[in-house]
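The structure appears right after this line, and notes come after that.
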2 protein chains.
Amino acid sequence: MISESKYGAVSIALWAKTALISKHLDNSLGAIHGIGLTEYMVLRSLMRAPDHVLRRIDIADALERTASGITRMLMPMEKIGLVQKELNERDARVSLVRITRAGEELFENASATLNAKSETLLKNVDGKKLDVFLDLLGAI
Amino acid sequence: MISESKYGAVSIALWAKTALISKHLDNSLGAIHGIGLTEYMVLRSLMRAPDHVLRRIDIADALERTASGITRMLMPMEKIGLVQKELNERDARVSLVRITRAGEELFENASATLNAKSETLLKNVDGKKLDVFLDLLGAI
DNA sequence: CCTATATACTTGCAAGATCAAGTACAAGAT
DNA sequence: ATCTTGTACTTGATCTTGCAAGTATATAGG
């Protein structure tokens with residue numbers, strides 16, 4: 001009987017708890033704002049980017065997704081006007097993604113929802129230990 | 001501009017880091033043992049269950065998955081002999097799942113792989129802080 | 001220049017997972 | 001006894017995502 005190492009236990013706990021949390025967040029964002037957690041993360045990446053513009057490949061890297069996944073995810077987001085395509089004059093291969101004003105507004109509202117829901121989900125974690133938590137996660 | 005609360009930041013960090021970790025673990029388990037992380041978790045749940053038997057619905061709850069997902073996931077696992085179906089004489093609705101000897105052996109080997117890979121992925125986390133990490137995750 | 005290699009996507013196909021609807025059975029209320 | 005409600009699955013349609021292959025463009029070397 002191979003016992004589970006502490007490292008393995010942490011991996012598994014992360015996996016299990018994150019599955020729980022992301023499902024709740026996804027449902028809340030979907031019900032209230034019509035976007036999923038992944039789409040929220042796209043908007044977040046864009047909001048944090050200089051000039052609010054990113055290449056598709058940058059989004060893929062930031063979200064640990066493939067380029068094809070990003071291509072397909074952006075289609076409906078572009079259709080409902082959260083982001084818009086833009087050309088790069090230096091490099092004709094790249095198709096830049098810019099967040100629109102509507103996208104910014106939705107992001108702000110969705111952030112409020114996400115923050116509130118997160119507080120509910122993490123209410124059993126001592127507020128003082130959040131920094132420790134963030135430190136540990138940052139070390140990964 | 002709504003700033004991100006610390007609770008929101010923790011949720012997002014969990015989501016991002018876990019995506020990274022589970023992808024690596026999934027690839028390792030898949031390449032070496034031919035099962036994914038979710039299948040590993042099924043075997044783990046069974047190993048921890050009294051008598052090594054569970055109802056499908058229990059597995060679904062433990063893994064934060066739907067019953068239909070479990071039904072479909074178990075089909076190939078049963079075909080390659082990792083688990084086997086069993087009837088419940090008390091309640092004809094339930095279809096019990098039992099881990100086989102082959103499943104137990106694969107689980108032990110896969111556990112070793114998972115522990116080793118986890119240690120690599122989490123090597124930047126101070127070993128002494130693993131207990132703190134587990135505590136924080138347990139509080140969720 | 002021109003060719004070879006690398007990069008940034010896009011698209012077809014397959015796998016995994018959910019939802020909704022349906023089946024079978026159980027258990028409590030009338 | 002029967003009826004209603006709830007539980008434990010199973011199945012069909014659909015969505016999301018990744019991988020592999022293809023296209024277009026850039027960059028470096030000869």
Side-chain angles (χ1 to χ4, degrees), chain A residues 15-16 18-20 22-31 34-42 45 49 53-80 83-98, chain B residues 15-16 18-20 22-31 34-42 45 49 53-80 83-98:
Chain A
W15 186 82
T18 302
L20 189 72
S22 61
K23 217 153 282 182
H24 279 275
L25 293 178
D26 209 56
N27 288 343
S28 295
L29 290 176
I35 59 170
L37 187 49
T38 310
E39 274 128 356
Y40 174 82
M41 289 299 293
V42 170
S45 301
V53 178
L54 284 175
R55 301 178 304 165
R56 280 151 152 67
I57 193 86
D58 297 325
I59 299 176
D61 288 347
L63 272 60
E64 292 291 329
R65 290 272 161 21
T66 58
S68 70
I70 301 300
T71 293
R72 282 189 248 261
M73 192 184 349
L74 288 178
M75 287 176 193
M77 292 181 74
E78 200 182 329
K79 188 170 274 181
I80 62 176
V83 299
Q84 60 190 27
K85 233 179 253 186
E86 219 160 278
L87 296 177
N88 181 338
E89 42 192 31
R90 293 287 186 85
D91 188 338
R93 289 170 305 180
V94 321
S95 165
L96 295 170
V97 184
R98 178 183 296 281
Chain B
W15 186 82
T18 301
L20 189 73
S22 61
K23 218 154 284 183
H24 279 275
L25 293 178
D26 210 55
N27 288 342
S28 294
L29 290 176
I35 60 171
L37 186 49
T38 310
E39 276 129 355
Y40 174 82
M41 289 301 292
V42 170
S45 301
V53 177
L54 284 175
R55 299 178 305 163
R56 280 151 151 67
I57 193 83
D58 297 325
I59 299 175
D61 289 346
L63 273 58
E64 292 292 326
R65 289 277 178 326
T66 58
S68 69
I70 301 300
T71 292
R72 283 191 242 264
M73 189 186 345
L74 288 178
M75 287 177 194
M77 292 181 74
E78 200 183 330
K79 189 171 273 180
I80 62 175
V83 299
Q84 61 191 29
K85 230 179 256 185
E86 219 161 280
L87 296 177
N88 181 338
E89 43 193 34
R90 292 285 187 85
D91 188 338
R93 289 170 304 180
V94 323
S95 164
L96 295 170
V97 184
R98 177 183 296 282

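Reminder, nothing fancy here: chain letters follow the sequence lines and each chain counts from 1.
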Checklist entry - Within the modelled atom types, does a donor on one side and an acceptor on the other bring the side chain of B:Arg93 and the base of D:dT7 under 3.5 Å apart? => result yes
Checklist entry - Can you check the A:Ile35 CD1 to D:dT16 C1' distance for me, whole Å? => result 16 Å
Item to check | Side chain of A:Asp91 - closest among D:dT25, C:dC9, C:dT18 | outcome: D:dT25
Next on the checklist: Measure CG/B:Leu29 against P/C:dG16 and give the value in whole Å, please.
Outcome noted: 14 Å
Item to check | Gap between atoms CG and C1', on B:Leu74 and C:dA17 respectively (whole Å) | outcome: 14 Å
Next on the checklist: At 4.0 Å (heavy atoms only), tell me whether A:Ser68 reaches a base, stays on the sugar-phosphate, or touches nothing.
Outcome noted: base
Checklist entry - Has the side chain of A:Arg72 got a donor or acceptor atom sitting under 3.5 Å from an opposite partner on the base of D:dG18? => result yes
Checklist entry - Base, sugar-phosphate, or nothing: which does A:Arg55 touch, judged by heavy atoms less than 4.0 Å apart? => result sugar-phosphate
Item to check | Most 5' of A:Ile57 and B:Thr38 on DNA chain C, judged by nearest nucleotide | outcome: A:Ile57
Item to check | Non-hydrogen side-chain atoms of B:Arg56 and B:Met73 separated by less than 4.5 Å | outcome: no
Checklist entry - Within this structure, what is the CG-to-P distance between B:Leu54 and D:dA8, rounded to whole angstrom? => result 13 Å
Next on the checklist: Distance check needed: D:dA8 C1' versus B:Asn88 CG, whole Å only.
Outcome noted: 11 Å
Item to check | Separation of D:dT17 P from A:Met77 CE (nearest whole Å) | outcome: 11 Å
Checklist entry - Atom CE of B:Met75 and atom CD1 of B:Ile80: how far apart are they, to the nearest 0.5 Å? => result 14.5 Å
Next on the checklist: Distance check needed: D:dT7 C1' versus B:Arg90 CZ, whole Å only.
Outcome noted: 17 Å
Checklist entry - So which nucleotide from D:dA8, D:dG18, D:dA24 ends up closest to the side chain of B:Lys23? => result D:dG18
Checklist entry - Is there a side-chain contact between A:Thr38 and A:Arg65 (heavy atoms, below 4.5 Å)? => result yes
Checklist entry - Does a side-chain heavy-atom distance below 4.5 Å link B:Leu96 with B:Arg55? => result yes
Next on the checklist: Under 4.0 Å, counting only non-hydrogen atoms across every strand here, what does B:Ala92 touch: a base, just sugar-phosphate, or nothing?
Outcome noted: sugar-phosphate
Checklist outcome for this item: Of the listed C:dT18, D:dC9, C:dA26, the closest approach to the B:Arg56 side chain comes from D:dC9
Next on the checklist: Distance check needed: C:dG16 P versus B:Met41 CE, whole Å only.
Outcome noted: 18 Å
Checklist outcome for this item: Side-chain contact check for A:Thr66: nearest option of D:dA8, C:dT18, D:dC19 is D:dC19
Checklist entry - Any idea which heavy atoms bring B:Ser45 and B:Leu63 closest together, and the distance? => result OG-CD1, 3.5 Å
Item to check | Most 5' of A:Ala67 and B:Thr71 on DNA chain D, judged by nearest nucleotide | outcome: B:Thr71
